Amino acid sequence: MLNNKDIHKIYFLAVCGTGMASLAAMLKGKGYNVYGVDQDVYPPMSTFLKEQGIPVYSGWDPEHLKTDPDLVIVGNAVSRGNPELEALLNEHIPYMSLPDALREFCIRGHRSIVVTGTHGKTTTSSLVAWILEYAERSPNFMIGGIPNHFGRGFQIGTGNEFVVEGDEYDSAYFDKTAKFLHYLPDIGIITSIEFDHADIYDSLDDIKLAFRRFVNIIPSTGLLVVSHEDSHAMQISEFGFCPVVSFGLSSAADWHAADVSTNHEGTAFTVIKNNELWKRITIPMYGNHNVKNTLAAIITADHAGSC
């Protein structure tokens with residue numbers, strides 16, 4: 001087991017991926033000496049990494065590892081046969097996957113809010129992070145997109161919450177489990193479950209098994225927030241050992257939206273909590289999917305004590 005106190009230089013193998021670049025910037029912000037490499041280095045990620053003061057090598061070369069990194073973070077796009085990967089294995093240089101590094105350097109010690117689902121992860125993660133920010137909770141987050149109010153996909157906050165977009169894709173060539181299984185969820189959100197990623201999952205049942213495992217690691221003191229209209233998500237929620245709260249447009253959901261209307265400002269709807277009026281809100285977005293994403297974010301923030 002690596003001791004974080006012994007790690008000073010961290011090298012990113014395939015640093016130009018969105019998640020890898022964001023994590024590199026977070027670790028740079030935490031005071032680590034961060035640098036990396038990728039086969040093709042070009043904007044916008046090359047510009048982003050330069051702005052963050054993170055040096056990047058272009059093209060694979062085992063000589064890069066002679067800089068003696070204390071740890072190498074291996075992106076899931078890297079596979080055996082990559083000359084730098086072969087060199088780090090031969091030299092027994094410590095390495096880990098992106099989700100493992102995110103857990104150990106950023107998430108551990110915080111209340112982890114993990115947003116999962118085939119659709120809506122980025123939007124819902126951004127909404128949760130913004131509600132917490134607006135409530136002056138200064139959340140930590142890492143999101144796969146660029147939320148408008150923040151202008152970047154990550155933040156090192158001073159608050160206790162860590163919001164992370166939980167991808168069901170695999171973690172690394174040496175770890176074929178879903179990324180979201182690494183994130184120590186205290187609060188889990190499932191927006192939807194459909195068959196996807198046919199390159200790593202053989203069937204819908206395989207994907208449902210990954211989500212079942214996710215639900216199974218939420219502690220009994222935690223919370224699972226799940227889409228009432230998604231039958232697969234509701235089925236998976238039955239395997240949890242924590243409280244479950246459903247959301248949707250149906251009055252059968254624990255939290256549901258009623259009297260939905262649209263105008264030039266966006267979408268207005270009344271939020272009903274356990275069959276009682278909570279409040280009426282307007283969001284600058286359109287579509288029932290965004291109404292449901294907003295409900296999931298509101299439930300999560302309410303549970304965190306922010307609404």
Side-chain angles (χ1 to χ4, degrees), residues 1-13 15 17-34 36 69-76 93-116 121 125 128-129 132-133 137-144 152-172 174-175 177-190 210-211 213-225 240-242 300-301 303-306:
M1 178 68 69
L2 289 171
N3 186 335
N4 289 0
K5 294 180 180 179
D6 297 329
I7 296 173
H8 306 284
K9 293 175 66 176
I10 302 178
Y11 184 61
F12 280 72
L13 194 52
V15 71
T18 302
M20 290 283 278
S22 293
L23 179 58
M26 292 186 78
L27 295 185
K28 172 80 174 182
K30 287 179 173 289
Y32 293 97
N33 180 355
V34 176
D70 299 311
L71 175 67
V72 176
I73 298 176
V74 180
N76 70 347
I93 300 171
Y95 64 92
M96 62 174 55
S97 67
L98 178 152
D100 275 343
L102 182 61
R103 179 191 66 230
E104 294 305 322
F105 288 95
C106 302
I107 295 176
R108 192 177 292 280
H110 293 89
R111 174 191 280 175
S112 178
I113 300 172
V114 185
V115 183
T116 75
K121 293 187 294 294
S125 301
V128 173
L132 293 171
E133 181 77 5
R137 297 289 285 260
S138 186
N140 305 267
F141 66 79
M142 183 164 148
I143 299 169
R152 59 182 181 178
F154 68 94
Q155 175 168 286
I156 302 172
T158 59
N160 186 45
E161 287 83 16
F162 195 107
V163 182
V164 58
E165 181 176 337
D167 185 1
E168 68 269 28
Y169 206 71
D170 64 359
S171 300
F174 52 87
D175 181 357
T177 60
K179 291 186 183 72
F180 57 48
L181 296 177
H182 298 262
Y183 294 151
L184 307 175
D186 292 297
I187 302 174
I189 298 175
I190 303 178
F211 279 92
R213 289 170 173 164
F214 171 74
V215 167
N216 202 241
I217 61 175
I218 300 174
S220 59
T221 54
L223 181 72
L224 176 62
V225 182
F241 285 80
C242 64
T300 301
H303 182 76
S306 301

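Only heavy atoms go into these numbers, but all of them, side chains included; no hydrogens, no water, no symmetry mates. This structure is a prediction, so every number in the text was calculated from the model and none was measured.
Thr300 has its side chain within reach of Ile113: a pair of non-hydrogen atoms, C-beta onward, lies under 4.5 Å apart. Considering only heavy atoms from C-beta on, Phe174 comes within 4.5 Å of Val74 through its side chain. Looking only at side-chain heavy atoms (C-beta outward), Tyr169 and Lys179 come within less than 4.5 Å of each other. By the 4.5 Å heavy-atom criterion applied to side chains, Met142 and Glu165 are not counted as neighbours.
Judged by the 6.0 Å and 45° rule, Arg108 forms no cation-pi pair with Phe105.
Here the side chain of Ser125 pairs no donor or acceptor atom with the backbone of Val115 at under 3.5 angstrom. Put simply, the side chain of Asp170 never gets that close to the backbone of Ala178: no donor and acceptor are under 3.5 Å apart. The main-chain N or O of Thr177 is found under 3.5 Å from a side-chain atom of Ser171 such that the two form a donor-acceptor pair. Judged by distance alone, with hydrogens and angles left aside, the side-chain atoms of Asn140 form a donor-acceptor pair with the main-chain N or O of Gly157 at under 3.5 Å.
Rounding to the nearest 0.5 Å places OH of Tyr183 at 11.0 Å from CD1 of Ile217. The distance from atom CD1 of Ile73 to atom CG of Leu98, rounded to the nearest 0.5 Å, is 7.0 Å. With rounding to the nearest 0.5 angstrom, the CZ atom of Phe162 is 8.0 Å from the OG atom of Ser112. Interatomic distance, Asp186 CG to Leu224 CG, rounded to the nearest 0.5 Å: 12.5 Å. The CZ atom of Phe214 sits 11.5 Å away from atom CG of Asn216, with the distance rounded to the nearest 0.5 Å. Taking NE2 from His182 and CG from Asp167, the interatomic distance works out to 11.0 Å, rounded to the nearest 0.5 Å.
In this structure, Phe211 and Phe180 have tilted ring planes: the angle between them lies in the 30° to 60° band.
Closest non-hydrogen pair, Val114 versus Pro185, comes out as CG2-CB, 3.7 Å. Smallest separation of non-hydrogen atoms from Pro69 and Val72: CG-CG2, 4.0 Å. Across all their heavy atoms, Ile218 and Cys242 have their closest contact at CG2-SG, 3.6 Å. Across every non-hydrogen atom of Ile187 and Arg111, the tightest pair is CD1-CD, 4.2 Å. Considering all non-hydrogen atoms of both residues, Ala210 and Leu181 come closest at O-CD2, 3.9 Å.
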**Prompt:** For Arg213 and Glu168, what are the C-alpha separation, side-chain angles and deciding distance, and is it a salt bridge (Lys or Arg N to Asp or Glu O under 4.0 Å)?
**Reply:** CA-CA 11 Å; Arg213 289 170 173 164; Glu168 68 269 28; over 6 Å; no

**Prompt:** Checking side-chain contact (heavy atoms from CB on, under 4.5 Å) for the pair Tyr11/Asn33: CA distance, chi angles, key distance, verdict?
**Reply:** CA-CA 8 Å; Tyr11 184 61; Asn33 180 355; over 6 Å; no

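Listed by chain and number, the residues in a salt bridge (Lys or Arg N to Asp or Glu O under 4.0 Å) with Asp175 amount to none (sequence neighbours excluded). Contacts of Pro139 classified as side-chain contact (heavy atoms from CB on, under 4.5 Å), with partners at least two apart in sequence or in another chain: Leu132, Glu133, Gln155.
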For residues 20-29, please give each side-chain donor-acceptor pair under 3.5 Å, one per line with the distance, not counting sequence neighbours.
residue : atom : partner : partner atom : Å
Ser22   : OG   : Thr18   : O            : 3.1
Lys28   : NZ   : Gly53   : O            : 3.3

